[in-house]
Structures are given as C-alpha cells and as structure tokens.
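Counting starts at 1 for both ligands and their atoms, following the listed order. Predicted, not measured: the structure shown is a model, and the values here were computed from it. We number each residue from 1, following the sequence as shown.
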Amino acid sequence: MPSWPLPGGPEGRRGPPTPLVASPYVTALADLPLIARGKVREMYELTGEGSGGAPDGTGSSPEPRLLMVASDRISTYDVVHPTPIPDKGRVLTGLSVFWFERTGHIVSNHLLSATVGVPEHALGRALVVRRLRMLPVECVVRGYISGSGWRDYRASGAVSGIPLPIGVRESEQLPEPLFTPSTKADVGHDEAIDFERAVQLVGDRQLMERAREASIELYSFAAAHARERGVILADTKFEFGLDHDGRLVVGDEVLTPDSSRYWPADGFEPGHGQPSFDKQYVRDWATASGWNKRPPAPAIPADVVAGTRARYVEAYERITGEPFEAWLERTGSAPEEQERGAA
Ligand code: Q0Z
C-alpha cells in the first residue's frame, strides 16, 4: 500500500469527497479516490464505466487504471513554492507522452491515453495509465556526474559501488552511462544503493538486470535525441512495475525535467555545477532573495514566473521539435478547444 500523506489526514479516501478546486495550484479531482500524492503530482484511481469496468466479452477481469495528474507546482531545493508556473504540468505531461510514444521498442510503458478517460478540466496535464505492481527501487541512470553522484564520488571515489578513475571533474561526461539505483524513501531523500542491494530489495536478479538494461537503453536513446537539439540529458530516474502478466513496464513520468537533469548544451563546461534548463531562474532568484532553503518557500515574482514558464515551453519545443500549442490541440486543452467544450 502507498503511504503518501492523503488530504484530510489518515482517513484518506474514507473522508468526505474531495471538492473540485478551480485553482491552478491545486489539482483536486471531484469524486476520484486519491491514492498517491507527490510534491507536485497526484495519482487517482479510475473506477466505473469507461474506466475498465465495462465487460469485454472475454470473461477476464479488466486491467486496473490510474489517472496521473501533473500540477503546475514547482519545487526548488526540495521545497514547493506557493506560486505555480502556468503550463508546467501540461509541458511535463506532453514530454512524458513524447518519450513513451518513441521508446516502446525498448520497453513497454504504462500509458493508455492522454484523452480517453481524462476528465475535461485535467486534459493536457493528466494521463490514463495501467496500474502496475511497482518495484521498490528507483532506476537512476547518469551520463554525467553531478548532484548526489558527485558528492558520493568526492567522498568515496565510487558511485553506487562502481569505482571511478581519480581526477573526474564535476559535471563531466562519464565514459558510459552508469546505473545508480536508489531506494524510495517515503519522507526525506532517496538513499543510493548498489546493484546487489537493488537485487535483494526486488527479490529477482533477472528482473533487476532487465530493469537496468532498459534504463540504460532509455537514457541513451533520449540523451542522443536531446543532444541533437542542444540539450544535455545529464541523468534521469525511471520507475518500473510489473503488469498483470508479470511483464516489465516503465511507469510514472519519463524523461521530464522533474525526473531528470536537463542542461543547456550551450555553455556546458565541466569543473563546476551546471545551470538547470528549467529551474535556474527560480533558483537564482531564491538564492539572491536570502531564503535559507528551509520551508516555507517564498512566493515567486511575476517576471521569474514568466521566465520560468518560457523555459519549460522551450524545453518542450526543443525536445519534441513541435510547438507546445500542438500538444494543447491534440489533448483538447488549447484555449479555443476549451471554449468549444464549454459552449
Ligand atoms: C507511481 C507517484 C504520482 C505520487 C505509484 N502505473 C502505476 N501503477 C501503480 N503505481 C504507480 C504507477 Cl505510475 C505509482 N508512483 C509515483 C506518482 C504521485 C507518486 F503522480 N507511485
């Protein structure tokens, strides 16, 4: 069972029905039971007609489905700001779909639809996905050394039990992508583990080997694509699960700026930390504001919000090669579509 905090306290879905909140900051969906809540996303259970409950004539039970919703909330230094970034949720959802649709040859994924079964007010920011039995490890791949990987190397000369040469510089590209799994912490930071510990936790060596292989292939495919478009995919995190037939499936969000480090290739220089493609304006502003990086995070001024929104849209357009508007139109969430729907 998931153990994320649920709204209304420990009663969770047994409490009163979740009200529909018409704020871009909160993405509460009327009636749907909330089953997991992250810092910036929510996961709902889909039940009833059109959500897998209809008879399929085979006598087999329908596959359980979830609605995964990305909000416009943003965190820096692990703390969520009270100010949303308009369209951030739709950019991240569009990017996940871009990658899901292009990586099925590497490993199957949980995406069912970005339109069918998505409530109208969540169009563009939500996906209907297959419910999986998730593996209890996060599958991290690093092509460049930074963040906790850099700190671990500095402290021990190794990352996830893999020794690296002496003299590696911060942000340097690694000779080959490293698989550096971590545990899923309910609260606080994920803990780096070595491959053997991941095998122990999953309880199936062959399965963990397949997850590692798929992770490295997904990263390599995406990093090559991004690099051609002027973006460095430094590292990324995948979450895998098993479907009802026991097949390995990649779930969650994939290759988004929230699950990855994207750096502008322009100005890339090893030897120090690199600016984040999407969040750097907020980080720079937050640091200059004197915020001590402890909760509560400060409100973000309008010019920083606008600059950051533009960076998310730019990330979408660079990586996918299409206007962000195309995503809004495909999902019926463009302004005119919304007018039509409302009319
Ligand atoms: C993903 C998470 C989020 C909070 C569980 N297809 C799936 N089947 C079963 N469970 C999951 C998935 Cl993706 C699953 N998470 C991470 C996502 C909000 C936590 F949107 N937790």
Colleague: List every atom of ligand 1 that sits less than 4.0 Å from any heavy atom of His110, numbering the atoms from 1 in the order shown and giving each element.
Modeller: 6 (N), 13 (Cl)
Colleague: Can you spot which of Gln280, His81, Lys293 makes a side-chain hydrogen bond (donor to acceptor under 3.5 Å, both in side chains) with Thr76?
Modeller: His81
Colleague: For the residue pair Arg102 / Thr320, report whether a side-chain donor-acceptor contact shorter than 3.5 Å exists.
Modeller: no
Colleague: Minimum distance, heavy atoms only, to atom 17 (C) of ligand 1: which one of Arg37, Arg41, Glu253 is it?
Modeller: Arg41
Colleague: Would you call Glu239 and Lys237 a salt bridge, taking side-chain N to carboxylate O under 4.0 Å as the test?
Modeller: yes
Colleague: Nearest to atom 9 (C) of ligand 1 by heavy atom, Leu112, Leu127, Leu132, Val40: which?
Modeller: Leu132
Colleague: Measure the shortest side-chain to side-chain distance between Pro257 and Tyr312 over non-hydrogen atoms and say whether it is less than 4.5 angstrom.
Modeller: yes
Colleague: Between the side chains of Arg131 and Glu45, is the shortest nitrogen-to-carboxylate-oxygen separation below 4.0 Å, so that they form an ion pair?
Modeller: yes
Colleague: Taking 4.0 angstrom as the limit and counting only heavy atoms of Met68, give me the atoms of ligand 1 inside it, by number and element.
Modeller: 20 (F)
Colleague: Quick one: which of Leu66, Leu112, Asn109 gives a side-chain contact (heavy atoms from CB on, under 4.5 Å) with Val129?
Modeller: Leu66
Colleague: Looking at Tyr144, is Arg261 sitting on its ring face, NZ or CZ under 6.0 Å from the six-membered ring centre and within 45 degrees of the normal?
Modeller: no
Colleague: Backbone, side chain, both or neither: what part of Arg130 comes under 4.0 angstrom of ligand 1, heavy atoms only?
Modeller: backbone
Colleague: Polar-atom distance check: Glu239 versus ligand 1, any N or O pair below 3.5 Å?
Modeller: no
Colleague: Measure Val69 to ligand 1 on non-hydrogen atoms and call it side chain, backbone, both or neither using the 4.0 Å cut-off.
Modeller: neither
Colleague: Heavy atoms only: which of Leu34, Asp252, Leu242 is nearest to atom 13 (Cl) of ligand 1?
Modeller: Asp252
Colleague: What I want to know is whether Glu42 and ligand 1 share at least one N or O pair that is separated by under 3.5 angstrom.
Modeller: no
